Amino acid sequence: MTESNASVPRHHKPKLYAPMDFANHPGGADPARVSEAAHLAAQALVHHGRESDDPEVTRRLVELADQQGLEAVAEIWATSPARSLPGALWRLYALRTAVQQNPDKVAAFYAAGMEAAQVSRVVSGVAEPMGAEEVRAMADTILSGAFEGEFDVALERFAAFCRVVALGETHHADSAEAASSARATELTRNARQLVLTAEDLEHSAEAWRRGELD
């Protein structure tokens, strides 16, 4: 007897995310109704990852959004406060997804900003010579570090990465101003949001070190 079509999982093509789309993506539910579940899920995920020394477990956790879809991750964590454990995890996964889906664009922004952001450049740890594959590898390495290494370091590395990319977007905005003021405005807005994201990640890293990130 064959299984009915209704029981066969359907695979949907994932929506492509621009580097900053995640910042305004709705979680799809009232934060008051999902807050407890979001915090419990975040605590369980981080605890499971940090307790395991199996590289396969880490790989599956890093690729969670690939396997489940960023929409599913958003349903759990996107409405959580930015400076909380679930909020920090949402930003880590959403940033990684943005990098994986737009590596050439992100690499171009990073390249434009790295000379003027030497400290953030070093902290982010992107391999050089830098290109699309290097920024993709960096995103995977940082998220892996959240489970294999120090969680606060992972947050600070992605924060530094955001700052370099934001500076690069600002440079691109200046160059685009003459040809398209709308494009320049969009790039400037995205750069500002990236800086805010960096600040949230840095605050979360400090809270983690104090044992206060929940």
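These figures come from a predicted structure and were not determined experimentally.
Side-chain contact between Trp90 and Thr79: absent, with no pair of heavy atoms (C-beta onward) separated by less than 4.5 Å. Between Met138 and Glu134 there is no side-chain heavy-atom pair separated by less than 4.5 Å. Contact check for Gln193 versus Glu169: no side-chain heavy atoms found under the 4.5 Å cut-off. Counting only heavy atoms from C-beta outward, the side chains of Leu92 and Leu155 approach each other to under 4.5 Å. Looking only at side-chain heavy atoms (C-beta outward), Thr97 and Leu70 come within less than 4.5 Å of each other. At a threshold of 4.5 Å between non-hydrogen side-chain atoms, the residues His203 and Glu199 do not count as touching. In this structure the side chain of Leu95 never reaches within 4.5 angstrom of the side chain of Phe161, judged on heavy atoms.
With respect to Arg59 and Asp66, no salt bridge is recorded, no charged nitrogen being found less than 4.0 Å from a carboxylate O. Salt-bridge formation is detected for the pair Arg163/Glu202: a Lys NZ or Arg NE/NH1/NH2 atom is positioned less than 4.0 Å from an Asp or Glu carboxylate oxygen. Ion pairing of Glu186 with Arg183 is present here, as a side-chain N (NZ or NE/NH1/NH2) and a carboxylate O approach within less than 4.0 Å. Using a 4.0 Å cut-off between charged nitrogen and carboxylate oxygen, Arg209 and Glu156 count as a salt-bridge pair.
Nearest heavy atoms, Ala166 versus Val195: CB-CG2, 3.9 Å. Here the closest non-hydrogen pair linking Ala146 and Phe151 is O-CD1, 3.5 Å. Closest non-hydrogen pair, Arg91 versus Asp200, comes out as NE-OD2, 4.2 Å. The nearest pair of heavy atoms linking Thr197 to Cys162 is CG2-SG, 4.2 Å. Minimum heavy-atom separation, Ala42 to Leu89: CB-CD1, 3.6 Å. A pairwise comparison of heavy atoms in Asp214 and Pro86 identifies O-CD, 3.8 Å as the closest pair.
Note that CG of Leu167 and OH of Tyr110 are 11.0 Å apart. Values are rounded to the nearest 0.5 Å. The line from CG of Leu187 to CZ of Arg192 is 12.0 Å long, rounded to the nearest 0.5 Å. One distance of note links CG of Asp152 with CZ of Arg157; it measures 12.5 Å at 0.5 Å rounding. With rounding to the nearest 0.5 Å, the separation of CD in Gln67 from CG in Leu61 is 11.5 Å.
Classified by interplanar angle (parallel below 30°, tilted 30° to 60°, perpendicular above 60°), the ring pair Phe147/Tyr93 is tilted.
Listed for the Ser84 side chain is no donor-acceptor partner under 3.5 Å among the backbone atoms of Ser80. Between the His39 side chain and the Ser35 main chain, a donor and an acceptor come within less than 3.5 Å of each other. Looking only at distances, a side-chain donor or acceptor of Gln100 sits under 3.5 Å from a matching main-chain atom of Arg136.
Within a 6.0 Å sphere centred on CG of Asp54, heavy atoms belonging to other residues, nucleotides or ligands number more than 12.
Both Leu143 and Leu64 are members of a single hydrophobic cluster when ILVMFWY side chains are connected at heavy-atom separations under 4.5 Å.
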Would you check, one step at a time, whether the test side-chain contact (heavy atoms from CB on, under 4.5 Å) holds for Leu201 with Arg83?
-> CA-CA 7 Å; Leu201 292 174; Arg83 299 181 178 188; over 6 Å; no
List the steps, then state whether side-chain contact (heavy atoms from CB on, under 4.5 Å) holds for Lys105 with His172.
-> CA-CA 11 Å; Lys105 181 186 293 185; His172 276 252; over 6 Å; no
Distance-only donor-acceptor pairs under 3.5 Å for side chains of residues 43-50, two or more places apart:
| from | atom 1 | to | atom 2 | distance (Å) |
| --- | --- | --- | --- | --- |
| Arg50 | NH1 | Gly149 | O | 2.6 |
| Arg50 | NH2 | Gly149 | O | 3.4 |

